[in-house]
Amino acid sequence: MKMYIGGAWVEGKEKIEVLNPFDGSVLDTVPKATPQDVETALASAARGAQAMAKLTAYQRYQILHKASELMAERLEDLGRTITLEEGKVIAEGRGEAARAQETITLSAEEAKRLSGETLPLDGASNGAGKFGFTLRVPCGVVAAVTPFNFPLNLVCHKVGPALAAGNSVVVKPATDTPLSALKLTQVLLDAGLPPEGIQCITGSGGVIGDQLCGDPRVRKITFTGSKDVGEHICKVAGLKKVTMELGSNAPVIVMSDADLEKVASATAATGFANAGQVCISTQRILVNQKVYGDFIDALKPKVDALKTGNPIADGVKMGPMIREQDAVRVNEWVHEAVAKGARLVTGGTRQGTMHAPTVLADVDPKMRVSCDELFGPAVALTRFDDIDEAIALANDSNYGLSASIFTQNIDWALKFARQVQSGNLHVNWGTMWRADMMPYGGLKDSGMGKEGPKYAVEEMTELKLVVFH
Ligand code: NDP
């Protein structure tokens, strides 16, 4: 595919191959953007911001609503594109496409709801005779830098609210998975978006990222990806608004009264979907010592039953990792844990990009499979004695994106909700659950700012105060 900059679809002198992570075949190529291409995109985005600011909220609603209708017509193609370039199984690819459409629908609605508030200034000691209100105005140019693992829906979570708020947006999709974002760009143009309201520039983040994120014409950066890249972008950005959706090593607490069959089913679903490459994948499972052995007995058959293979084939439950080097890394961390005393319950093997669904028991929280972000198809089990120890273990992490507890005890559940340092907290399901309308974002090194169109649309605006004297 071509990239879309300066109001046109353009080729590049150099190309990047987009590979199918399952078999390494070349799906397509995209241009490798140059510094001149970034300049073209930014200059165009600055003009696009002026065009977007002239649209009424209703016009922005109409464009996004039309885009949602077009996505509905193209869902099968979008779902297959996601699976082919990213490697998640086709049911998950279709699921992501459907969620992305919902995200755009929610964004369309928010375009109409964006408002300021009147301020009761005469309640201030010096406020007699004053009338004040706030106005929400677009930031201008928004740069949206996105990861490989949800190549459509996470782009929609940025582009939808940015356009709803009246900004222009420059999308920089992950180099491994740019096709879904390019198809979304076509959808938006077909829906009537001003031609310079969006740019979709392809190329290595390490090469073009600093130019894009450091440019003063960009007023807002919304990033989803790894902590290290997020931190780097914050330094390069300087004085700009930023939203950072970063990594995690999400913990699940299994109390002694938990329904172990349910925990095992939830773990198979939330630890291994997309081969564990989800920011809220269940990674650390903290199990009360009274039920530790029984839980392993319940979990092993469910993990062994996960059929792996070509993700485009119906019935396959887990596909490849995005790159072979990531599967190699996961395998190294698993075997490093075993060498240090962890027990391999199942899995532990790798062939190319395919890593077997893996369960490790007796994991020391200091092992990398527990304390770092694994981002792969393995879960690490650690024993605890009581709720206080479980909460301390859950909080023993620089991250804080999602956490869960399984219990029937309302006091334990409430203590978990109050004391665990995490942006998302789930009771009686795994850590990987999201409805696109909800506020979503992490604490600590997992980031700052919230997504979910109702919340993201505010982050895509500046608040102005007006006082009539
Ligand atoms: P990366 O951080 O490697 O890349 C994310 C994006 O940043 C890519 O588009 C990448 O481009 C770009 N990038 C890389 N270097 C720079 C730079 N110097 N300046 C600007 N942009 C740059 O993440 P992954 O794609 O590997 O995604 C996995 C990570 O994303 C995990 O840590 C995961 O937890 C996190 N994530 C967080 C979510 C959340 O909601 N909190 C949701 C999903 C994922 P290129 O591809 O060209 O390198």
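For ligands, and for the atoms within them, numbers begin at 1 and follow the listed sequence.
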Out of [options], whose heavy atom sits nearest [atom]?
| atom | options | value |
| --- | --- | --- |
| atom 35 (C) of ligand 1 | A144, G225, G206, G247 | G225 |
| atom 27 (O) of ligand 1 | P147, A250, A143, G441 | P147 |
| atom 33 (C) of ligand 1 | F223, Y440, F375 | F375 |
| atom 41 (N) of ligand 1 | L246, I280, N424, V145 | L246 |

With heavy atoms under 4.0 Å as the rule, classify the contact between [X] and ligand 1 as side chain, backbone, both or neither.
| X | result |
| --- | --- |
| F150 | neither |
| E373 | side chain |
| I322 | neither |
| K172 | both |

Starting from [atom], find the nearest protein heavy-atom neighbour and note its residue, name and distance.
| atom | answer |
| --- | --- |
| atom 38 (C) of ligand 1 | C279 SG, 2.9 Å |
| atom 23 (O) of ligand 1 | S226 N, 3.5 Å |
| atom 14 (C) of ligand 1 | V229 CG1, 3.7 Å |
| atom 18 (N) of ligand 1 | H232 CD2, 3.4 Å |

Does [atom1] in [X] sit with more than 12 non-hydrogen atoms of other residues, nucleotides or ligands closer than 6.0 Å?
| X | atom1 | answer |
| --- | --- | --- |
| E462 | CD | yes |
| E14 | CD | no |
| R94 | CZ | yes |

Is NZ or CZ of K112 both nearer than 6.0 Å to the six-membered ring centre of Y61 and within 45° of the ring axis?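 Yes, K112 sits over the ring of Y61.
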Less than 4.0 Å is my threshold; does some heavy atom of [X] fall inside it relative to ligand 1?
| X | value |
| --- | --- |
| P173 | yes |
| S446 | no |
| G442 | no |

Could you go step by step and tell me if I221 and K241 meet the side chain to side chain contact (heavy atoms under 4.5 Å, CB included) rule? CA-CA 6 Å; I221 297 173; K241 280 169 74 98; over 6 Å; no
Ligand-residue contact atoms, ligand 1 with [X], heavy atoms, under 4.0 Å:
| X | result |
| --- | --- |
| G209 | 19 (N), 20 (C) |
| L154 | 42 (C), 43 (C) |
| L401 | 41 (N) |
| G203 | 47 (O) |
| S204 | 47 (O) |
| N149 | 43 (C), 44 (C) |
| I233 | 19 (N), 20 (C), 21 (N) |

With nothing but distance in play, are any N or O atoms of [X] less than 3.5 Å from an N or O of ligand 1?
| X | result |
| --- | --- |
| F148 | yes |
| T146 | yes |
| T175 | yes |
| G205 | yes |

K13-T34 side chain donor-acceptor pair, cut-off 3.5 Å: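 Short answer, no.
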Side chains of E196 and S44: do they bring a donor and an acceptor to under 3.5 Å? yes
Sole residue of E458, E459, E110 in salt bridge (Lys or Arg N to Asp or Glu O under 4.0 Å) with R136: E458
T431 side chain to I280 main-chain N or O, any donor-acceptor pair under 3.5 Å?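 Side chain of T431 to backbone of I280: a pair is present.
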With the threshold set strictly below 4.0 angstrom, can you tell me whether any protein non-hydrogen atom sits that near atom 4 (O) of ligand 1?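 Given the 4.0 Å cut-off, atom 4 (O) of ligand 1 does not count as touching protein heavy atoms.
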Short N-O contact, [X] and [Y], less than 4.0 angstrom:
| X | Y | answer |
| --- | --- | --- |
| R329 | D326 | yes |
| R350 | E324 | yes |
| K317 | E92 | no |
| D364 | K340 | no |
| R383 | D362 | yes |

CG (D28) and CG (N20) are apart, to the nearest 0.5 Å, by 12.5 Å
Tell me the closest heavy-atom pair linking G347 and A356, and the distance in Å. CA-CB, 4.0 Å
